[in-house]
Protein chains: 2
Amino acid sequence: MGRWQPNARGRLEQAALDLYVERGFAQTTVTEIAGRAGLTERTFFRHFADKREVLFSGSAELQELLVAAVNGAPEGAAPIDAVAAGLDAIGDLMQERRPYARRRQSVITANTELRERELIKLATLSAATAEALHRRGVAEPAASLAAEAGIAVFRIAFGRWVGGPDDKELAQLMRESLAELKAVAAGA
Amino acid sequence: MGRWQPNARGRLEQAALDLYVERGFAQTTVTEIAGRAGLTERTFFRHFADKREVLFSGSAELQELLVAAVNGAPEGAAPIDAVAAGLDAIGDLMQERRPYARRRQSVITANTELRERELIKLATLSAATAEALHRRGVAEPAASLAAEAGIAVFRIAFGRWVGGPDDKELAQLMRESLAELKAVAAGA
DNA sequence: ACGGTTGATGGCAGGAGCTGACATCGTCCC
DNA sequence: GGGACGATGTCAGCTCCTGCCATCAACCGT
């Protein structure tokens, strides 16, 4: 067997989430997280850029899924429909991880610094979506606006999903929210 | 005359922006900012919660203006039109301060931490707008979606205004972007 | 006029986040 | 068998930020 226990990164993520839930983000030190994972503070910072980033390792995967779904939309589909396809894809993924998502989100919502980080991750998703639309031939500012609108729909629907009853599916909530956005934009 | 020079807060803001422009946000220490303003680091942190906040003192004023304009929209106006009225109001205000806005934005765009802070300020604007709509009788999630859509329009238009030629007015860019968003939402 | 209160500031100690430089030591490859 | 490699540890140090107490002019009530 190896010199080190496997999956140091995953152990750090697990320890961090547990501690953030137990005593709060601000009341947890990086040294404590590393200690629980059997590592040192210095090693934590080799795996994660800072104390917040440890909660956001999944956003890269989410982005790939979203972009792939936008790319995979029918060639003639309207931009907003390509975005909707992306939302469906990430909705299905997150639905499978609902307990984890709730736990994680309770930590993020409770701390302003973490909400800041979450917002910039969403902004990154939006930018990636806009770029994907652009490659589909959608001009600016339509591409960016469609992407921003899609992320807004995600944000609203996700909030309702996390805080709402278990039988509401995220993808369904997103479809409803998108329909609502369309109505609002039309001047309803 | 008083024991202290007047407008300590304003001097700190001026010194901070100047230094952030000159050598960058990360390369500037709070001690340097305070020193240039004739104060100490400790006093800086009495006026601003952290090193980033010194660039965002205007957001409260912006929010008041936005909410007031939403409140002042005709009673029968559709949510999206009430939001548009708010965008017009802040557009006019910012138009008067374009040189300052460019300078400030160049600093923010160059630093991730500052972009995070900017995003949460915009999210706060969105939440305040949603609440104003709610008081007008707009139900959820329509209120939040209209607010998010409005802030998305602001975001896109602002980016084009800051980076574009001088003769393009922000309010005009926002009207164009809003029209584009409506087209996109309709499936164009 | 005098004394107490208030309010903005300074000084200092200290914790926590984060980084650079160097050491350690299994593993892998030739 | 030896050297390169890679993940981790150790340590020093800077900066951000906070708590606590001191200072001192302005103001206020008597």
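Just so it is clear, the structure is predicted and the values come from calculations on it, not from any experiment. Below, read A as the first sequence line, B as the second, and so on, with proteins coming before strands; counting in each chain starts at 1.
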Exercise. Atom CH2 of B/W4 and atom P of C/dT6: how far apart are they, to the nearest Å?
Worked result: 15 Å
Problem set entry | Value in whole Å for how far the P atom of C/dG11 lies from CZ of B/R46 | 11 Å
For this session: Give a yes/no on whether any side-chain N or O of A/T43 is located under 4.0 angstrom from OP1 or OP2 of D/dG9.
Result: yes
Polar atom pairs (N or O), protein with nucleotides 14-18 of chain C, under 3.5 Å:
residue : atom : partner : partner atom : Å
C/dG17  : OP1  : A/K51   : NZ           : 3.1
C/dG17  : OP2  : A/V30   : N            : 3.3
C/dC18  : OP2  : A/K51   : N            : 2.8

Exercise. More than 12 non-hydrogen atoms from neighbouring residues, nucleotides or ligands closer than 6.0 Å to CD on B/E75, yes or no?
Worked result: no
Exercise. Of the options B/V67, B/L66, B/L65, which is the one that meets B/Q63 in a side-chain contact (heavy atoms from CB on, under 4.5 Å)?
Worked result: B/V67
For this session: In whole angstrom, give the distance that lies between atom CG of B/N7 and atom P of C/dG7.
Result: 19 Å
For this session: Look only at the side chain of A/S57 and the backbone of A/V54, and say whether a donor-acceptor pair between them is shorter than 3.5 Å.
Result: no
For this session: Consider only side-chain heavy atoms of I, L, V, M, F, W and Y, link residues closer than 4.5 Å, and tell whether B/L125 and B/L93 are in one cluster.
Result: yes
Problem set entry | Nearest-neighbour nucleotide for the B/R42 side chain, D/dG6, D/dT10, C/dC12 considered | C/dC12
Exercise. Roughly how many Å is it from CD in A/Q5 to P in D/dT8, rounded to a whole number?
Worked result: 11 Å
For this session: Give me the residues of residues 9-23 of chain B where at least one heavy atom lies under 4.0 Å from an atom of DNA chain C, by number, or none.
Result: none
For this session: Treat each ILVMFWY residue as a node, draw an edge where side-chain heavy atoms are under 4.5 Å apart, and state whether B/M94 and B/V107 are in one component.
Result: no
Exercise. Looking at A/H47, does any N or O in its side chain come under 4.0 Å of the phosphate oxygens OP1/OP2 on D/dT8?
Worked result: yes
Exercise. Roughly how many Å is it from CD in B/E32 to P in D/dC14, rounded to a whole number?
Worked result: 14 Å
Exercise. What about B/I151 and B/M174, same hydrophobic cluster or not, with Ile/Leu/Val/Met/Phe/Trp/Tyr joined at side-chain heavy-atom distances under 4.5 Å?
Worked result: yes
For this session: Calculate the interatomic distance between A/F48 atom CZ and D/dA7 atom P; express it in whole Å.
Result: 14 Å
Problem set entry | Test: A/R102 cationic atom under 6.0 Å from A/W161 six-membered ring centre, within 45° of axis | no
Problem set entry | Contacts of type ring pair (Phe, Tyr, Trp, His ring centres under 6.0 Å), residue A/F25, not counting sequence neighbours | A/Y20
Exercise. Has B/R9 got its NZ or CZ under 6.0 Å from the middle of the six-membered ring of B/F44, at an angle within 45 degrees of the ring axis?
Worked result: no
